[in-house]
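Just below is one structure, and these are the notes that go with it.
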Amino acid sequence: MSRRRSADGRWPWLFVLPTFLGVLVFYLWPLVKTLYDSFTETGPFGGSTWVGGANYSQLFADSEVYRAVVNTVVYTAIVLLGIPLAVLFASLLNRPGLRGVMIYRTLFFLPYVAMPTAISLVWRIIYNGEYGVLNQALGVVGVDGPSWITTPWFALVAVALLGLWMSIGFNMIVLSAGLKGIPGELYEAASLDGASQVQQFRSITVPLLTPSIFFLSVVTTIAGFQLFDQLFALLGPTNPVMPKTQSLVFLFYDAAFVGNERGYAAAVAVLILAVVGLLTLFQFRFQRRWVNYD
Amino acid sequence: MTSRSDRQRLGSNRLAHAVLMLGSLVMMFPFLWQLKMAFSSQAEIQSVPPDLLPAQLRWSNFSEVFQRLPFLDQFWVSIAVTVGRTVGQLVLCSMAGYAFARMSFRLKGVMLALILSILMVPSQVYLIPQYQIIQQLGWLDSIQGIVAPGVFSAFGTFLMMQFFKSIPAELEEAARLDGCNPWQTFWKVVLPVAKPGLISLAIITVLASWADLLWPLVVTSSPERMPLAVGLATLSGYQGTISPGVLMAAALMAMAPVLILFVVLQRRVVEGIAFSGLK
């Protein structure tokens with residue numbers, strides 16, 4: 001028995017070490033390295049020198065950083081609007097006796113599984129100012145649409161609408177899991193009491209979905225502050241609108257891999273980490289006010 | 001009474017269908033429009049007002065993709081990266097997840113805490129040092145360079161650990177009494193039972209690797225060594241010279257594998273995303 005135990009004693013390492021060493025080398029060490037690098041400056045020949053908080057004071061004096069934060073907030077706010085839409089669609093899909101649920105589910109989830117950079121090319125043409133189908137449709141109702149992807153604020157809205165469109169499928173998956181957890185007797189009792197469907201939706205469905213809605217708002221906010229793929233693919237990295245539309249991650253990418261300012265880029269990465277951490281903390285603090293746990 | 005409420009429900013299901021159809025039309029429209037454009041000439045795409053259907057099916061857009069873009073090279077890079085990451089994660093995450101769920105060893109708590117601590121950290125924080133490591137290994141612009149960091153996953157380890165915790169321990173007891181060592185128990189008894197968890201992890205990893213942009217963008221520089229996601233995103237240099245119909249055909253072929261995977265495995269994909277999303 002004791003022999004077996006000592007033999008067992010080595011087995012766990014075989015199972016754990018590959019992952020642990022990989023995480024150590026590719027994630028934990030880089031985390032420490034980036035924190036350190038954010039206090040250094042890259043020299044012209046690749047070496048780096050300690051500059052104390054200089055990168056951070058540059059960061060807080062940089063109007064581009066503030067603009068990127070504002071852009072990211074606007075983007076995230078628009079994508080968050082996808083949550084109420086997904087609540088509506090998911091609860092309609094959850095109605096007893098509804099036919100074609102599988103077909104609807106497939107159609108709603110397609111944007112979520114589509115490849116962002118590929119579908120962005122399609123949206124780029126849909127958004128085109130001259131022949132894009134969006135502006136032609138707007139023209140039918142008498143609205144003169146802008147040149148979406150080359151006009152500062154409209155470009156950001158265009159990116160956000162794409163983000164919203166892509167997120168609805170994921171939101172619906174999470175919400176439909178939440179809806180399955182609501183006992184049917186609640187609705188039966190409410191019907192017997194004469195509550196209308198709208199009343200049932202407001203006083204049963206929405207309150208009991210708040211844990212799922214909370215989860216989605218945390219995940220959406222975290223993802224929103226890491227906006228990069230759709231921005232890069234829809235607008236293109238050399239788009240003249242980019243300085244006014246860029247996100248924090250684009251700023252990071254640009255500083256690290258285009259401008260070769262590794263130290264400053266590291267400080268931007270630390271800022272992203274801090275903002276995401278603070279927002280998540282804030283949402284967890286605030287959740288007591290509105291999230292319902294039985 | 002029953003018939004009245006049935007009729008009511010039927011009536012409002014009609015309204016539900018109307019709203020859902022409108023919603024799915026918005027979800028579907030870009031795909032349908034893309035399909036149409038992939039078969040259209042440049043003039044047809046740029047015509048005002050738009051034609052709802054191309055005058056004829058121009059298959060030439062698809063063949064032109066292979067002539068004008070390094071599409072096949074990029075396609076194979078995407079396949080290799082996706083397979084490499086997915087297989088790597090399935091093996092490594094299930095091993096580590098199993099040890100954390102079922103074995104006891106020194107420093108287990110510390111190691112688990114260290115691995116899980118990276119879950120909350122945005123990927124940009126690792127990016128520059130990861131790039132430098134790949135550079136020092138001489139792996140820039142290579143498949144192993146794109147794959148390397150992505151085979152280690154805190155999320156996958158956590159997912160598999162949670163899954164193994166839910167499996168009854170009697171199975172392993174029986175295997176142990178039959179004389180299996182821990183590796184044999186894991187390989188022959190535990191893994192087959194863990195299929196649903198492995199499938200969830202595989203689906204999430206496939207979707208994420210196929211779509212991944214930022215990391216392969218910084219690691220690769222030659223067009224024929226980029227995965228499709230990077231190839232398509234960095235097309236702006238070609239844009240004057242390639243007709244939009246060809247771009248649409250390329251985009252369509254690039255996303256076809258994941259779309260087909262999704263339509264065929266719909267239930268599994270949905271379950272996989274729900275499972276991972278809620279943990």
Side-chain angles (χ1 to χ4, degrees), chain A residues 8 11-12 15-16 18-20 22-23 26-31 33-34 37 89 92-93 95 97-98 104-108 110-111 113-119 121-123 125-126 131 133 136 170 173-174 177 197 226 228-229 232-233 236 238 249 252 256-257 262 265-266 269 272-273 276, chain B residues 9 12-13 16 19-20 23-24 27-28 30-31 33-34 37 46 48-50 92-93 95-96 98-99 103 105 111 114-115 118 121-122 124-126 128-130 149 152 154 157 182 207 210-211 213-214 218 229 232-233 236 244 247-248 251 254-255 258-259 262-263 266 270 273-274 277-278:
Chain A
D8 270 1
W11 280 105
F15 281 77
V16 163
T19 295
F20 183 73
V23 167
F26 282 107
Y27 296 90
L28 292 171
W29 156 248
L31 176 63
K33 178 85 166 33
T34 292
D37 279 353
F89 290 131
L92 288 177
L93 215 50
R95 291 174 68 87
L98 191 90
Y104 285 128
R105 275 216 303 204
T106 309
L107 299 184
F108 275 95
L110 273 181
V113 294
M115 195 179 174
T117 56
I119 201 70
L121 290 180
V122 180
W123 279 81
I125 299 186
I126 292 175
Y131 55 83
V133 67
Q136 297 198 37
F170 174 77
I173 294 178
V174 172
Q197 301 220 337
Q226 293 180 71
F228 182 79
D229 294 14
F232 189 92
T238 54
V249 178
F252 161 81
F257 297 99
R262 297 272 157 89
I272 297 170
L273 172 67
V276 167
Chain B
R9 176 167 291 164
S12 47
N13 270 0
V19 176
L20 287 168
S24 20
M27 295 293 128
M28 276 302 286
F31 296 100
W33 203 242
Q34 173 187 26
M37 290 193 289
Q46 296 176 344
V48 179
L92 296 182
C93 295
M95 282 166 59
Y98 181 65
M103 296 170 163
F105 49 97
M111 284 163 94
L114 280 173
I115 291 177
I118 68 170
V121 180
Q124 299 83 40
V125 176
Y126 316 119
I128 301 173
Q130 282 178 344
F152 309 103
T157 303
L207 287 177
W210 198 261
L213 177 64
L214 184 52
V218 304
L232 291 176
S236 34
L247 287 183
M248 291 303 103
M255 51 189 181
V258 279
L259 291 188
F262 169 63
V263 172
Q266 205 238 61
V270 171
I273 294 167
L278 292 174

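Chain A is the first sequence line, chain B the second, and so forth, proteins listed ahead of strands; every chain is numbered from 1.
Per-residue heavy-atom pair counts under 4.5 Å with chain A were compared for Met255(B), Gln46(B), Gln34(B), and the maximum is reached by Gln46(B). Interface remark: of the candidates Thr157(B), Val263(B), Val258(B), Ile118(B), Ile118(B) forms the most heavy-atom pairs closer than 4.5 Å to chain A. With chain A as partner, the option from Pro49(B), Ala254(B), Pro50(B), Cys93(B) having the largest number of non-hydrogen pairs under 4.5 angstrom is Pro50(B).
Applying the ring pair (Phe, Tyr, Trp, His ring centres under 6.0 Å) rule to Phe152(B) yields the partners Phe26(A); only residues at least two apart in sequence or on another chain are considered.
Contact annotation for Phe108(A): both backbone and side-chain heavy atoms come within less than 4.5 Å of a heavy atom of chain B. With a 4.5 angstrom heavy-atom cutoff, Trp210(B) touches chain A via backbone and side-chain atoms both. Heavy atoms of Phe89(A) lying under 4.5 Å from chain B belong to its backbone as well as its side chain.
Checked by atom type and distance alone, the side chain of Tyr27(A) pairs as donor or acceptor with a backbone atom of Pro149(B) at under 3.5 Å. A donor-acceptor pair under 3.5 Å links the side-chain atoms of Thr19(A) to the main chain of Leu92(B), judged by distance alone. Judged by distance alone, with hydrogens and angles left aside, the side-chain atoms of Thr34(A) form a donor-acceptor pair with the main-chain N or O of Val125(B) at under 3.5 Å.
Phe262(B) has its side chain within reach of Thr106(A): a pair of non-hydrogen atoms, C-beta onward, lies under 4.5 Å apart.
Looking at every heavy atom in both residues, Arg95(A) comes nearest to Ala16(B) through CD-CB, 3.7 Å.
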